[in-house]
Amino acid sequence: MCPQSVFQTELASQVESLLSCPHCHSSMEYNGRSILCTKNHCFDLAKQGYVNLLTHGLKTKYHKELFQARKNLHLMGFYQPLDQAISNLITPIFKDLNRPLRIIDAGCGEGSHLAKIKENLLASLGKEPLGVGIDIAKEGIQLAARSYKRIFWSVGDLAKCPFADKQ
């Protein structure tokens with residue numbers, strides 16, 4: 001198994017308690033290849049490093065070029081003030097927290113904001129938060145999974161929320 005697969009396996013086992021089946025809302029469990037609910041709805045971990053939690057096929061108006069352009073703006077530092085401001089708001093909340101840090105970015109696109117905020121929090125707190133990114137556009141999640149390896153990426157529809165209550 002390649003290092004990315006090992007890490008994605010580790011991430012999947014950390015994230016399973018956050019998830020709820022988008023079909024039936026039962027709890028989820030990672031079995032080494034897939035994430036399954038107690039009623040056997042199955043979501044495979046893609047070799048690219050993400051899981052598709054959609055309950056139906058979906059074509060969005062978002063495309064690969066749009067996500068690449070947004071990532072390029074991020075790499076040029078355009079969003080640095082926003083990412084830093086968000087990180088500064090989160091830091092005092094997590095500073096004295098005595099449990100693992102978890103951040104879910106709903107509508108994460110190509111993942112650059114979550115990756116930078118996670119990096120900023122590691123630098124300021126000395127603890128690496130668990131990052132979970134979800135977006136309805138598979139193209140964005142595929143780019144995120146290729147670009148940022150230490151985050152759990154998922155394709156999903158918030159109208160059929162794949163997260164358990166109070167997460």
Side-chain angles (χ1 to χ4, degrees), residues 1-20 22 28 30 34-35 43-55 57-91 93-94 100-125 127-164 167:
M1 195 180 275
C2 71
Q4 177 185 345
S5 298
V6 171
F7 191 76
Q8 292 299 4
T9 297
E10 180 185 322
L11 278 175
S13 61
Q14 289 178 38
V15 169
E16 68 184 3
S17 66
L18 302 176
L19 298 175
S20 171
M28 307 282 278
Y30 180 65
S34 305
I35 298 175
F43 304 91
D44 294 333
L45 193 61
K47 66 181 176 182
Q48 296 91 345
Y50 69 92
V51 64
N52 190 330
L53 297 168
L54 285 177
T55 59
L58 185 68
K59 181 142 176 76
T60 68
K61 61 184 175 181
Y62 305 107
H63 48 82
K64 181 172 38 173
E65 292 79 13
L66 172 119
F67 290 113
Q68 187 60 56
R70 189 169 118 179
K71 181 178 177 191
N72 291 343
L73 277 174
H74 205 276
L75 291 171
M76 290 187 299
F78 183 80
Y79 293 110
Q80 190 279 333
L82 174 64
D83 294 336
Q84 191 60 57
I86 293 169
S87 301
N88 292 344
L89 288 170
I90 295 171
T91 297
I93 296 167
F94 281 159
L101 312 178
R102 304 182 303 204
I103 300 172
I104 297 173
D105 184 353
C108 66
E110 58 20 278
S112 55
H113 291 291
L114 178 57
K116 187 60 178 173
I117 291 166
K118 191 173 173 248
E119 178 185 309
N120 290 346
L121 292 174
L122 175 59
S124 65
L125 298 171
K127 298 185 255 185
E128 183 175 25
L130 170 64
V132 177
I134 183 170
D135 200 285
I136 200 164
K138 184 177 177 180
E139 294 80 3
I141 293 298
Q142 287 174 328
L143 181 56
R146 280 194 305 272
S147 302
Y148 310 106
K149 306 296 185 199
R150 299 185 59 83
I151 297 172
F152 183 83
W153 301 109
S154 56
V155 179
D157 184 352
L158 293 178
K160 293 188 180 264
C161 190
F163 296 111
Q167 299 304 314

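In this text, all values refer to a predicted model and were calculated from it rather than measured experimentally.
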Undergrad: So how far is it from Lys138 NZ to Phe67 CZ, rounded to the nearest 0.5 Å?
TA: 13.0 Å
Undergrad: At their closest point, which heavy atom of Lys149 faces which heavy atom of Leu11, and how far apart are they?
TA: O-CD1, 4.1 Å
Undergrad: A quick test of your reading: do over 12 heavy atoms of other residues, nucleotides or ligands sit less than 6.0 Å from OH of Tyr62?
TA: no
Undergrad: Please name the pair of heavy atoms, one in Gly131 and one in Leu114, separated by the smallest distance, quoted to 0.1 Å.
TA: C-CD2, 4.3 Å
Undergrad: Which residue, Ile93, Leu122, Leu125, forms the side chain to side chain contact (heavy atoms under 4.5 Å, CB included) with Leu101?
TA: Leu125
Undergrad: Is the shortest heavy-atom distance from the side chain of Ile136 to the side chain of Leu54 under 4.5 Å?
TA: yes
Undergrad: Rounded at 0.5 Å granularity, tell me how far OG in Ser154 sits from CZ in Phe163.
TA: 5.0 Å
Undergrad: When rounded to the nearest 0.5 angstrom, what is the spacing between CG in Asp44 and CG in Asn52?
TA: 9.5 Å
Undergrad: Evaluate side chain to side chain contact (heavy atoms under 4.5 Å, CB included) for Leu53 paired with Leu19, printing each intermediate quantity in order.
TA: CA-CA 10 Å; Leu53 297 168; Leu19 298 175; 4.2 Å; yes
Undergrad: Please lay out, stage by stage, how Lys118 and Arg150 fare under the test side chain to side chain contact (heavy atoms under 4.5 Å, CB included).
TA: CA-CA 10 Å; Lys118 191 173 173 248; Arg150 299 185 59 83; 3.7 Å; yes
Undergrad: Out of curiosity, Ile134 CD1 to Ile141 CD1, how far, rounded to the nearest 0.5 Å?
TA: 7.5 Å
Undergrad: Which atom names give the shortest non-hydrogen contact between Gly109 and Asp135, and what distance separates them?
TA: N-OD2, 2.7 Å
Undergrad: Can you check whether Ser124 reaches Asn88 side chain to side chain, under 4.5 Å on heavy atoms?
TA: no
Undergrad: Hey, is NZ on Lys64 packed in by over 12 heavy atoms from elsewhere, all under 6.0 Å?
TA: no
Undergrad: Are His113 and Asp83 close enough that a side-chain donor and a side-chain acceptor fall under 3.5 Å?
TA: yes
Undergrad: With the side chain counted from C-beta on, respond yes when Val51 and Phe152 share a heavy-atom pair under 4.5 Å apart, and no when they do not.
TA: yes
Undergrad: What's the shortest heavy-atom distance between Ser87 and Asn120, and which atoms?
TA: OG-ND2, 3.0 Å
Undergrad: Do Lys71 and Tyr148 form a cation-pi contact, if we require the NZ or CZ to be under 6.0 Å from the six-membered ring centre and within 45 degrees of the ring's axis?
TA: yes
Undergrad: What's the separation between atom CH2 in Trp153 and atom CG in Asp105, rounded to the nearest 0.5 Å?
TA: 7.0 Å
Undergrad: Side chains of Leu130 and Ile103: does their closest heavy-atom pair fall under 4.5 Å?
TA: no
Undergrad: Do Tyr30 and Gln14 come close enough that some side-chain heavy atom pair is under 4.5 Å?
TA: no
Undergrad: Can you check whether Pro162 reaches Phe43 side chain to side chain, under 4.5 Å on heavy atoms?
TA: no
Undergrad: Just to verify, which of Leu66, Val155, Thr60 counts as forming a side chain to side chain contact (heavy atoms under 4.5 Å, CB included) with Glu139?
TA: Thr60
Undergrad: Which distance, rounded to the nearest 0.5 Å, do you find between the CD of Gln68 and the CG of Leu75?
TA: 8.0 Å
Undergrad: Considering only heavy atoms from C-beta outward, does the side chain of Val132 approach that of Ile151 to under 4.5 Å?
TA: no
